[in-house]
Protein chains: 2
Amino acid sequence: MQSSDEPPYHHGNLRAALIAAADAIIAEKGIEGFSLREAARRAGVSPGAPAHHFGTAVGLLTEVALLGYASLGAALNAVPITDDPATDLRAQALAYVGFALAHAGRFRLMFRPDLVNRDDPRYGAAATAALAGFAGTVARSSGGQGDGMAQVFVVWSSIHGMANLALDGKAQYLFDGATPQQFAAQILPDLLAKSWPFGC
Amino acid sequence: MQSSDEPPYHHGNLRAALIAAADAIIAEKGIEGFSLREAARRAGVSPGAPAHHFGTAVGLLTEVALLGYASLGAALNAVPITDDPATDLRAQALAYVGFALAHAGRFRLMFRPDLVNRDDPRYGAAATAALAGFAGTVARSSGGQGDGMAQVFVVWSSIHGMANLALDGKAQYLFDGATPQQFAAQILPDLLAKSWPFGC
DNA sequence: ATGCCCATCTTAACGCTGTTCAGATGCCAA
DNA sequence: TTGGCATCTGAACAGCGTTAAGATGGGCAT
């Protein structure tokens, strides 16, 4: 009996191994570099093995996307809450964009409807759970006035749009060829403080 | 001699035929339903034929994406300009989201860095040209105060985020299971007028 | 008008992909 | 110990993008 769970047993906890392998591939090569066969290869099993655990490739990728929402939620929950909702909103926006750039593969996967099973009830739950703290900040920021859902949508859209544009290199075009990382670290904080309507 | 250019000549204006076929496939099945071989099939040529005109599949898809930016620009330029920049901004936002939903395949392709050759100089030019009128509205809206680039980025992010969230069915989750089309037609206009900070 | 050149397209092949299915494997419970 | 059954293998299939060698024929120089 080994203390490590690397080569677990006869065949082992293949399910977890495949999820980890898929996540690693996506982190290394991006979502377009993923292939089910390579995930199987890394887990040391035959190409047909994943089918029994996940059905299809979408089944496996859905699990990775669920992990992605969990880690996004963790990143958002990690920002300290102050008594100024606007400050918190800026910090959460920065965390959101930072997560998208730091885990580009995961982030892209999370919003790829063709690669994820949206009918899985855990999917919607994971998304709302990830944004729960963020929705709370929006509610505190508005003081309960106005349409709550609309406000969450508007603020989320703004942050999500910044993340996507930065990820796709569009910010690079507007801001003197700054890389996405330079943009997030140097330009975005000032921008949120001075030009972002939700940052007061 | 035929008046129609359908089966043009010996082999014909294959380049245009392939672009049209690719655009049609994407409109029918979405970007994930595209395949280079099917585009060749529809154009009535062998699988290897596109290579000479576009090099790789990305070459062909880049052309379709350029058409996409042109049509997005046309949609944005089609909104009438009033003397109230906030009104214009709302109308342009509605047009942007409407375009994304009406031409989902094109729109998704336009922001897929793995399917488009970002090094093509026409690509950046097409993107900025499409947003030129929009950037003008932002400038009029701010009265020339503040960082222009930052303002364009912030407003564009907001609109782009709404389009993406609507397209991915996230709005569906926040607004009582409304379909993307219902959302754009019934919910979004009110939302832009009442909860959108750029709509005054 | 004729002949050559060269862009264009075909055919065939390579290696890769996701998925399926019959059969082998070996753990766990009885 | 033995049977049942979840698990995994190995091979196959169709489809994909891309490449290379060869056929095809239109347009240009002569």
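To find a chain, count down the sequence lines: A is the first, B the second, and so on, and within it residues start at 1. Values reported hereafter were calculated over all heavy atoms of this structure, with side chains retained and with hydrogens, waters and symmetry mates removed.
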Approximate separation, where rounding is to 0.5 Å, of F198(B) CZ and L89(B) CG: 8.0 Å
Derivation and outcome, side-chain hydrogen bond (donor to acceptor under 3.5 Å, both in side chains), residues Q151(B) and S142(B): CA-CA 8 Å; Q151(B) 286 168 346; S142(B) 69; 3.1 Å; yes
Sugar-phosphate, base or nothing in reach of A49(B), heavy atoms under 4.0 Å: base
From Q92(B) atom CD to L76(B) atom CG, the distance as rounded to the nearest 0.5 Å: 6.0 Å
Rounded distance in Å - CD (E38(A)) to P (dG15(C)): 18 Å
d(CG, L36(B); P, dT19(D)) in whole Å: 11 Å
Integer-rounded Å distance: dT24(D) P and L14(B) CG: 18 Å
Nearest-nucleotide comparison on DNA chain C, the residue closer to the 5′ end among G48(B) and T56(A): G48(B)
Atom pair CZ (F175(B)) and CE (M149(A)), whose distance is rounded to the nearest 0.5 Å: 8.0 Å
Euclidean distance, atom CD of residue E32(B) to atom P of dT17(C) [Å, nearest integer]: 17 Å
Over 12 non-hydrogen atoms of neighbours within 6.0 angstrom of CD in E28(B): yes
Short side-chain N/O contact to dC9(C) OP1/OP2 from H52(B), under 4.0 Å: no
Distance in angstrom units between L61(B) CG and dG17(D) P, rounded: 9 Å
From CZ (F183(B)) to CG (L188(B)), nearest 0.5 Å: 4.5 Å
Nearest-neighbour nucleotide for the R37(A) side chain, dT19(C), dC9(C), dC16(D) considered: dT19(C)
Distance in angstrom units between R15(B) CZ and dC9(C) C1', rounded: 16 Å
Side-chain donor-acceptor pair present, D88(A), T82(A), cut-off under 3.5 Å: yes
Residue V45(A), side-chain atoms from C-beta onward, closest of dT9(D), dT10(C), dC16(D): dT9(D)
Donor-acceptor pair between T179(A) and Q172(A) side chains, under 3.5 angstrom: no
Terminal helix-axis angle for the helix from dA1(C)-dT30(D) to dA30(C)-dT1(D), with five pairs defining each axis and rounding to 10 degrees: 10°
H53(A) vs dC8(D): side-chain N/O to OP1/OP2 distance below 4.0 Å: yes
Touch class at under 4.0 angstrom, heavy-atom based, for R41(B) against every strand present: sugar-phosphate
Per P47(A) side chain, nearest of listed nucleotides dC8(D), dT19(C), dG17(D): dT19(C)
Sugar-phosphate, base or nothing in reach of A51(B), heavy atoms under 4.0 Å: base
S35(B) vs dC16(D): side-chain N/O to OP1/OP2 distance below 4.0 Å: yes
Rounded distance in Å - CG (L60(B)) to P (dT18(D)): 10 Å
Atom-to-atom span, CZ of F34(B) to P of dG17(D) - whole angstrom: 7 Å
